[in-house]
Amino acid sequence: MDNFTFYSPTYFVFGRGEENHTGKYVKRFGGSKVLIHYGGGSVVRSGLLDRVKASLEQENISYVELGGVRPNPRSGLVYQGIELCRKENVDFILAVGGGSTIDSSKAIAAGTVYDGDFWDFYQGKPVETALPVGTVLTIAAAGSEGSPDSVITLEDGMLKRGATGEGLRPRFSILNPELTQTLPPFQTAAGITDIMAHLFERYFTNTQEVETTDRVIEGLLMAMIHEGPRVIADPDNYEARANIMWAGMIAHNNCCGVGREQDWASHGIEHELSALYDCAHGAGLAVVFPAWMTYTMPHNVMRFAQVASRVWGCQMDFACPERTAREGIEAFKKFLKGIGMPGNFKELGAREEDIPAMAHSVCYGNGGNGTVGGFVKLKEEDVAAIYRLML
Ligand code: NZQ
Ligand code: ZN
């Protein structure tokens, strides 16, 4: 295991009805003038926004609102949010929604207190200070409720890039699984896929002797394999929703990624797809991850065979571990199909002719030096070959 530091200061509040106490937590974490930021309207339709506002009013906290965050959140709204926060002297950003709303909130939080262009943070500048952010989460997926990251798409060129910095970790996050019961099945499934992807990005490592985090990751993957089909069959199943929601946080606040090299090539490969075709991030990952696994499996057959036997229950073939490894990848594909995820470029609306440009951007965009990934360092031609496996 490698040396590491781990600091995850977010205060989590979990369970039924907890969004009605939002005002209390905003106050506890120092907010007196709040920007409530939200998406395309699900929180208005469900009545959540009104409940959150009522709880702020109960604590005599004033607020302004900015809705309209789109999935794969855009830079334009971030600029608007920064302007609004400065004009209104906002001192706390409250994200009410999913990963896109939280990421847009984090971008506004960092940009408001920064003299330059907020996009600098999405080109490699670490975020050191930002306004405090709190979240009321409505979808289990991105893990942004506990992560120091934010992903935004620059409209000029449709570049999807990430920023990171400890200042971006939310001060508090309210997780009520009931709020996820209004999700369409496709979004629920895309969220489960993203959670599993965050676990796999950490699982595929060259670091030796990481049994503790290996076993935590395997356990979380098994929980998703158990709960995924249950929640798709019965969207109102609170317990399944609750287990998925907490897994989404643990999968990405890095408690199971510490002390080991991680990969993250699949996320880079997927971000090109969601930037270009505006697909749901989790749906893009459902197409990317099995292809990435197929391509990189020869690098460490035993690690793939291990996950196949421990997580997917495949019989270990000691004479031919590659066969076990392949069975594991097939089991993953079957699972994804079973929860309604796409399996190829066509189902995503992606085009073969865009492969060379996307492969180049994965390896050289975002300050890249020509390769992507920690487990296997992929060059542009490898990434292009992985895209072709998705056709
Ligand atoms: O906008 P509204 O109307 O709210 O609708 C949303 C949106 O259409 C809908 N939705 C969310 N909660 C709902 C609901 N509909 C009904 N009932 C509810 N309770 O679902 C759609 C997707 O929402 P979004 O916020 O985009 O989903 P998600 O949480 O998957 O976020 C995806 C974004 O997060 C980024 C992705 O790249 C993508 O841009 N990521 C952020 C990370 C981070 N900050 O740490 C890490 C991830 O790997 C990921 O890259
Ligand atoms: Zn993700």
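Just so you know, these numbers use all the heavy atoms, side chains as well, and skip hydrogens, waters and symmetry mates. Order of listing sets the numbers, starting from 1, for every ligand and every atom in it.
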Report task. Decide whether Arg260 and Thr213 meet the rule of one side-chain donor and one side-chain acceptor closer than 3.5 Å. Result ->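 Present: a donor and an acceptor within the cut-off.
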
Report task. Tell me, please, if His267 has any N/O/S atom, main chain or side chain, under 2.8 Å from the Zn ion (ligand 2)? Result ->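 Within the cut-off used here (under 2.8 Å), His267 does place an N, O or S atom near the Zn ion (ligand 2).
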
Report task. Please determine if the Zn ion (ligand 2) has an N/O/S atom from Asp194 lying under 2.8 Å away. Result -> yes

Query raised in the report: What do the steps show when you test Arg28 against Tyr11 for side chain to side chain donor-acceptor pair (under 3.5 Å), and what is the final call?
Result: CA-CA 11 Å; Arg28 181 185 295 187; Tyr11 189 100; 3.0 Å; yes

Requested in this report: Determine whether the aromatic ring centres of Phe200 and Trp292 lie less than 6.0 Å apart.
Outcome: no

Requested in this report: Assess the pair Tyr63 and Phe92: is the distance between their ring centroids shorter than 6.0 Å?
Outcome: no

Requested in this report: Say whether, by atom type as modelled, one donor and one acceptor occur between the side chain of Lys106 and the main chain of Asp149 under 3.5 angstrom.
Outcome: yes

N/O pairs closer than 3.5 Å, ligand 1 and protein:
from: ligand 1; atom 1: 1 (O); to: Gly40; atom 2: N; distance (Å): 2.7
from: ligand 1; atom 1: 3 (O); to: Gly40; atom 2: N; distance (Å): 3.2
from: ligand 1; atom 1: 3 (O); to: Gly41; atom 2: N; distance (Å): 3.1
from: ligand 1; atom 1: 3 (O); to: Ser42; atom 2: N; distance (Å): 3.0
from: ligand 1; atom 1: 4 (O); to: Ser42; atom 2: OG; distance (Å): 2.7
from: ligand 1; atom 1: 12 (N); to: Thr138; atom 2: O; distance (Å): 3.4
from: ligand 1; atom 1: 12 (N); to: Thr138; atom 2: OG1; distance (Å): 2.8
from: ligand 1; atom 1: 17 (N); to: Thr182; atom 2: OG1; distance (Å): 2.8
from: ligand 1; atom 1: 19 (N); to: Thr138; atom 2: O; distance (Å): 3.0
from: ligand 1; atom 1: 19 (N); to: Leu179; atom 2: O; distance (Å): 2.9
from: ligand 1; atom 1: 19 (N); to: Thr182; atom 2: OG1; distance (Å): 3.2
from: ligand 1; atom 1: 25 (O); to: Gly99; atom 2: N; distance (Å): 3.1
from: ligand 1; atom 1: 25 (O); to: Ser100; atom 2: N; distance (Å): 2.9
from: ligand 1; atom 1: 25 (O); to: Ser100; atom 2: OG; distance (Å): 3.4
from: ligand 1; atom 1: 26 (O); to: Ser100; atom 2: OG; distance (Å): 2.5
from: ligand 1; atom 1: 29 (O); to: Gly99; atom 2: N; distance (Å): 2.7
from: ligand 1; atom 1: 31 (O); to: Ser100; atom 2: N; distance (Å): 3.4
from: ligand 1; atom 1: 37 (O); to: Lys160; atom 2: NZ; distance (Å): 2.8
from: ligand 1; atom 1: 39 (O); to: Lys160; atom 2: NZ; distance (Å): 3.3
from: ligand 1; atom 1: 44 (N); to: Asp103; atom 2: OD1; distance (Å): 2.8
from: ligand 1; atom 1: 44 (N); to: Asp103; atom 2: OD2; distance (Å): 3.1
from: ligand 1; atom 1: 44 (N); to: Ser144; atom 2: OG; distance (Å): 3.2
from: ligand 1; atom 1: 44 (N); to: Asp149; atom 2: O; distance (Å): 3.0
from: ligand 1; atom 1: 45 (O); to: Ser147; atom 2: OG; distance (Å): 2.8
from: ligand 1; atom 1: 45 (O); to: His252; atom 2: NE2; distance (Å): 3.2
from: ligand 1; atom 1: 48 (O); to: His198; atom 2: NE2; distance (Å): 2.7
from: ligand 1; atom 1: 48 (O); to: His267; atom 2: NE2; distance (Å): 2.9
from: ligand 1; atom 1: 48 (O); to: His281; atom 2: NE2; distance (Å): 3.2
from: ligand 1; atom 1: 50 (O); to: His271; atom 2: NE2; distance (Å): 3.1
from: ligand 1; atom 1: 50 (O); to: His281; atom 2: NE2; distance (Å): 3.4

Query raised in the report: Hey, what's the angle at the Zn ion (ligand 2) spanning NE2 (His198) and NE2 (His281), nearest 10 degrees?
Result: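 About 170° at the Zn ion (ligand 2).
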
Query raised in the report: Who passes side-chain hydrogen bond (donor to acceptor under 3.5 Å, both in side chains) against Asn253, sequence neighbours left out?
Result: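 Here the qualifying residues are Ser8.
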
**Report entry** salt bridge (charged side-chain N to carboxylate O under 4.0 Å, His left out) between Asp278 and Arg74, intermediate numbers included
**Finding:** CA-CA 11 Å; Asp278 209 13; Arg74 308 297 155 89; 3.1 Å; yes

